[in-house]
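Some notes on the structure that comes next.
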Amino acid sequence: MKIAVTSASGKLGGSIVKHLIKEVGKEHVIAIARTPEKAKHLGVEIRKGDYNNREDFNLALKGIDIVLLVSGMDEPQKRIIQHRNVIEAAKSNGVKKIVYTSIVGAEENNAFSPIVQSNRQTEKDIISSGLEWVIGRNGIYIEPDLEYLETYVKEGEIRNCAGEGKCTYTSREELGYAYAKMLLEEKHNGKTYNLAGNAITQSELVTYINQIYDTQLVFNSISFEEYATERKAALGDFMGTIIAGIYEGIKEGAYNVSSDFEKAADRPHKSPLEMIKNFKG
Ligand SMILES: NC(=O)c1ccc[n+]([C@@H]2O[C@H](COP(=O)([O-])OP(=O)(O)OC[C@H]3O[C@@H](n4cnc5c(N)ncnc54)[C@H](OP(=O)(O)O)[C@@H]3O)[C@@H](O)[C@H]2O)c1
């Protein structure tokens, strides 16, 4: 059996490859990457795959039984077309099953909604592909906050527009574990799972970070307009709007969802404190 993971040079794709290797061994896992040299460290066969290039995937998916499609990073309308390149190539290569990493979030009236809508369109494309399928709707990763810690410490605070909204954070590590099961076990076929952890506020997140990293951060809530202006200045219009939309969504409860993680992974999701502890190592 051959299982391929797209965007394997990225952090989520890499985590899924790592967990798959633990389950089935290196010889059954193929890493597909737009930039193959960035996936070398995974120690498995690497094939080239740029979502913009259907021909890449016609070749990369030869002899593959199951493919995991990691959602892309581009503008919403482009993503839909890019994902279709992978779905169509999977169909024409006789791939039997496709697993897709989608996202939890507000489908309307939020700055992040266009991204959520594009993920929902790909879900529909996958469901109507005729292949066996499983869809995971990922919660928000906890790692970016931890990777950003140096900046938070410099500023003495975590500042965003989430207010008292709760977010069911997950981690790329937890997702990697669950997706390996979803790829390998047939009982998940035809299921859409929310892959998320326990719901916490930003104030609770700050308390846990302070506990593990021995920091003295505080949480300060600012308006969406103020936060969007700040993030756009730092990250550009596209990414700044996405980030502000995510925190707006947290405030509105879009990420306070019931989780199917245990159904997918056959074990409970790790608590936020455990995820932070594991990330620190
Ligand atoms: N749930 C969340 O909190 C959350 C947060 C951020 C992102 N996401 C979504 O989850 C996905 C994976 O996240 P991550 O943490 O693994 O991101 P990451 O570490 O930044 O990796 C992004 C990956 O996407 C690949 N990529 C970009 N454009 C591509 C293209 N045209 N064709 C093929 N691959 C392409 C990159 O390849 P190169 O190595 O060639 O650049 C890289 O492997 C993201 O793409 C995004 O859709 C979710």
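The basis for the numbers below is simple: all heavy atoms, side chains too, and nothing from hydrogens, waters or symmetry mates. One-based numbering, in listed order, for ligands and for the atoms of each.
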Looking only at protein heavy atoms, identify the closest one to [atom] and say how far it is in Å.
atom: atom 39 (O) of ligand 1; answer: Ser9 OG, 2.5 Å
atom: atom 44 (C) of ligand 1; answer: Met73 SD, 3.2 Å
atom: atom 15 (O) of ligand 1; answer: Arg172 NE, 2.7 Å
atom: atom 32 (N) of ligand 1; answer: Tyr51 N, 2.8 Å
atom: atom 3 (O) of ligand 1; answer: Tyr141 N, 2.9 Å
atom: atom 31 (N) of ligand 1; answer: Asp50 OD1, 3.1 Å

Proximal ligand 1 atoms for [X], defined as those under 4.0 Å from one of its heavy atoms:
X: Lys38; result: 38 (P), 39 (O), 41 (O)
X: Asn52; result: 31 (N)
X: Thr35; result: 38 (P), 39 (O), 40 (O)

N or O pair under 3.5 Å between [X] and ligand 1:
X: Val70; result: no
X: Gly10; result: yes
X: Gly72; result: yes
X: Asn138; result: no
X: Leu12; result: yes

Tell me, please: is [X] in heavy-atom contact with ligand 1, that is, under 4.0 Å?
X: Gly139; result: yes
X: Glu143; result: no
X: Ala33; result: no

Task: Location of contacts on Ile103 toward ligand 1, heavy atoms closer than 4.0 Å - done: side chain
Using only heavy-atom distances, determine whether the side chains of [X] and [Y] contain a donor-acceptor pair under 3.5 Å.
X: Tyr169; Y: Asn198; result: no
X: His269; Y: Thr170; result: yes
X: Tyr100; Y: Asp125; result: no
X: Tyr51; Y: Ser7; result: yes

Open item on the list: Regarding atom 25 (C) of ligand 1: of the candidates Ser71, Ser7, Gly13, which has the closest heavy atom?
Closed with: Ser7
Task: Option set Arg34, Lys11, Arg79, criterion heavy-atom distance to atom 28 (N) of ligand 1, minimum - done: Arg34
Would you find a donor on one side and an acceptor on the other, under 3.5 Å apart, between the side chain of [X] and the backbone of [Y]?
X: Ser113; Y: Glu108; value: yes
X: Ser102; Y: Gly136; value: no
X: Asp74; Y: Arg79; value: no

Open item on the list: Do Leu12 and Asn138 have side chains that approach each other closer than 4.5 Å (heavy atoms only, starting at C-beta)?
Closed with: yes
TODO: Would you check if Val29 and Leu42 make a side-chain contact, meaning some heavy-atom pair closer than 4.5 Å?
DONE: no
Task: Within 45° cone and under 6.0 Å: Arg172 NZ/CZ vs Tyr177 ring - done: no
Open item on the list: Between Asp237 and Arg231, does any side-chain N to carboxylate O distance fall below 4.0 Å?
Closed with: no
Task: Rounded distance (nearest 0.5 Å) linking atom CD of Glu150 with atom CD of Glu155 - done: 11.5 Å
